[in-house]
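Worksheet: one structure, shown below.
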Amino acid sequence: MTRLLRVTPSGAAGLAFAAFAFLAIPLLAGKLWLSVFTSTACFAMACSGVAFMYARLGMVSLTQVGLMGVGGWVMLRLNHAYALPFEINLIVAGLVTMVFGWLLALPALRLRGLYLALVTLMAAGGLEIIFATFQFPNGGEGFWGVKTGSAGAFRRPALAQSAEAYFRYTVALVTAGFLLIEFHRRLKPGRAWALIRRSEAAAMSAGVNVTLYKTWAFGIAGLLAGVSGAMLAGSLGLLDDATFRASESIMLFALAVVGGARYWLGVVIAATLYRILPALLNNWGVDADLSFVIFGAGLLHAVITAPDGIAGQLGDLLRRVVRRPSKDTPEDRPKDAPA
Amino acid sequence: MTEIANVTVRFGGVVALNDVSASFTQPVSGIIGPNGAGKTTLMNVLSGFVRVTSGSVSQDGTDFLRLAPHRRARWGLRRSFQREEIAGDLTVFDNVLVQADNAPGGDRAAEVSEMLAHVGLADRADKMGRDLNSFERRLTDIAKCMVGTPRLIMFDEPGGGLSVDETKQLGALILSIRDKTGAQVLVIDHDVELIRAICSETLVLDFGRRIAFGPTADVLADPKVKAAYLGTEEVTP
Ligand SMILES: Nc1ncnc2c1ncn2[C@@H]1O[C@H](COP(=O)(O)OP(=O)(O)O)[C@@H](O)[C@H]1O
Ligand SMILES: [Mg+2]
């Protein structure tokens, strides 16, 4: 129990950052930027799913943003079809997407490395086509629920009607998502994942049901994608299929590597680069496509010189500054960080 | 008792094991043979990573080959790998706990602590796997094999890369396993010294065939065994 609840320095920093975001950002940011920050938080949650699959199991999943689309679709569909509370819709959206994650796991259990990445990319391509063909529900009739003209109303949570409250609601959920991963990591599944990443044969010899634990990981990533997609739907009130293209999933994964997939900070950096950099460039009147060039350079940098990403480098830097040579316990390492 | 009956394994054209039979009854038994003799393949058959072309294997009457690899572990099969597989981002304690996690049993943490103390790693339980030296890795492997009520433990070249002193310590530990856990032990090596020191009976493989089986001293005195080792650097008798 003490093991489970122990707060590492990196974990404390993460919680402090979440508290800062929760309290300060709604006070500081204007309406437009608050919406950008809310969607950044949503993408951070989705990104934590791919980052953890990559960092803990060595699995590359390129469907995450597509799965967000699934969660968003379910959320919008339920919102317009029934008068259920937001929270119920959110849970259903998360669970449905988790099931999609499991479906994705079926081929994944037989494939690794590049082949796995290709299969998940094909799934993302399939979702892209479906979203482009049928669009997202906006209050219309029938199963797909699409109509022309203005969209129906979106009901936000009773707790979070305003943009400020909705941002805080999102930050709380993102933090819960990070903690979900971190608790798993500290318990039986985390140990099983660590051994699976080292060697599947060794894991099997240790009695680990490799199929079960890989499926479980896909389920968690799916759940996080579903909830984040649903939150994004709630933030905007409607969704556009262009948000969930397969290329976006590739981008989010690449940025998780650039940011540092092992660390909560890496995920935050990834989501910030993904959402805020293009918005900033736009603000400055620079073509937002320049961000692709910057991301490409970042990825090269990560692959060639910084396998632990930007967050890993910052951690190293911090350790060099605040040197504590007498202790060599794992607590000193921000590697204990969530995600 | 471990019964290996007429086991044949083919990889395409290579016959890695050719109609091998042996029944191990001693607490600690050995399997030796030059490199490429088929020792690891035999262990992989027992683990479930390699399918037999024909033949059967059972432990105390249980037919192994029906079970999936992780089920064999739950049932009580343990093994180490030639190149030990310790997760670098888990502590020593957690590396051992994984095995206990997936075995029937009561207080897992207490059992892990007990076995770590037994192998002499009590003070290094919180060390990360990536920070261990090769001997500490071996010891972690042994502790891992001992938790969760094992029935059959197999070590693949456990003495590889260790100093003479470390190998002695390792041998003593392996000999203590039966009393500590009740499990039967199979030790694979191509170096006969460790085997001579700790195994009461030994199977000798060469090119996938059984060339001798019986009490270790008799087996090592066998001219056929000497011939198999002739010209290889491991020769000593
Ligand atoms: N997975 C495999 N595929 C093809 N050939 C293999 C495989 N595993 C082992 N072999 C071959 O089987 C023979 C026995 O190998 P192995 O059991 O590893 O020997 P040992 O452990 O005694 O050194 C060798 O010729 C090896 O090349
Ligand atoms: Mg071998």
Side-chain angles (χ1 to χ4, degrees), chain A residues 1-4 6 8 10 52 54-58 109 181-182 184-216 260-263 307-308 312 315 327-339, chain B residues 40 43-44 46-50 67-105 108-109 112 124-131 137 140-141 144-145 147-150 153-154 156:
Chain A
M1 222 36 205
T2 49
R3 239 164 104 81
L4 183 63
R6 191 189 63 206
T8 62
S10 154
F52 122 81
Y54 180 63
R56 301 299 162 200
L57 280 112
L109 298 171
I181 292 175
E182 181 61 11
H184 268 86
R185 203 180 70 69
R186 292 184 184 194
L187 294 170
K188 191 173 161 180
R191 295 190 282 273
W193 288 331
L195 200 57
I196 290 172
R197 185 167 71 116
R198 166 78 204 200
S199 143
E200 288 187 21
M204 285 188 248
S205 303
V208 172
N209 186 339
V210 172
T211 309
L212 173 76
Y213 282 104
K214 278 190 171 179
T215 309
W216 195 331
R262 307 172 61 105
Y263 314 89
D308 273 346
K327 251 177 101 203
D328 185 28
T329 59
E331 280 91 337
D332 283 347
R333 300 168 174 274
K335 306 216 162 173
D336 274 19
Chain B
T40 301
M43 185 180 270
N44 284 339
L46 289 161
S47 302
F49 300 143
V50 164
L67 298 177
H70 71 276
R71 296 219 177 274
R72 298 184 198 198
R74 274 164 210 225
W75 168 85
L77 185 69
R78 301 283 180 271
R79 72 170 290 177
S80 71
F81 289 82
Q82 208 164 329
R83 180 175 152 264
E84 19 49 41
E85 300 287 9
I86 302 293
D89 50 356
L90 291 182
T91 61
V92 169
F93 189 91
D94 281 357
N95 264 294
V96 177
L97 187 56
V98 185
Q99 187 91 54
D101 271 342
N102 296 289
R108 304 196 158 98
V112 170
R124 272 154 285 182
D126 290 330
K127 225 171 160 182
M128 296 305 277
R130 70 174 88 81
D131 299 327
R137 284 164 181 274
T140 307
D141 247 350
K144 185 172 165 182
C145 288
V147 296
T149 339
I153 304 180
M154 309 180 290
D156 195 353

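Because the structure is a prediction, the values reported are computed rather than measured.
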Measure across Phe81(B) and Ser205(A) and return the closest heavy-atom pair with its distance rounded to 0.1 Å. CZ-OG, 3.4 Å
Should we say atom OH of Tyr54(A) is surrounded by more than 12 heavy atoms from elsewhere, each under 6.0 Å from it? no
Considering non-hydrogen atoms only, spot the tightest contact between Ala194(A) and Asp89(B) and give its length. CB-OD1, 3.8 Å
Where on Asp101(B) is there a heavy atom nearer than 4.5 Å to chain A: the side chain, the backbone, both, or neither? both
In this structure, are over 12 heavy atoms from other groups packed under 6.0 Å from Arg197(A) atom CZ? yes
Of Asn44(B), Val98(B), Val147(B), the largest count of non-hydrogen pairs under 4.5 angstrom with chain A goes to Val98(B)
Check salt bridge (Lys or Arg N to Asp or Glu O under 4.0 Å) between Arg198(A) and all other residues, then give those that pass, not counting sequence neighbours. Glu85(B)
Mind checking the OG1-CZ spacing from Thr91(B) to Arg191(A)? Nearest 0.5 Å is all I need. 8.5 Å
Would you please name every residue forming a side chain to side chain donor-acceptor pair (under 3.5 Å) with Asp141(B), sequence neighbours left out? none
If every non-hydrogen atom of Ala206(A) is compared with every non-hydrogen atom of Ala73(B), which pair is closest and at what distance? C-CB, 4.0 Å
Does Gln99(B) reach the side chain of Leu195(A), with side-chain heavy atoms less than 4.5 Å apart? no
Given a strict heavy-atom distance threshold of 4.5 Å, which part of Leu90(B) is in contact with chain A: side chain, backbone, both, or neither? side chain
Val208(A) to His70(B) - nearest heavy-atom pair and separation: O-CB, 3.3 Å
Between Arg83(B) and chain A, which part of the residue has a heavy atom less than 4.5 Å away: side chain, backbone, both or neither? side chain
Heavy-atom pairs under 4.5 Å with chain B are the metric here; pick the option from Ser199(A), Ala201(A), Gly190(A) that has the most. Ala201(A)
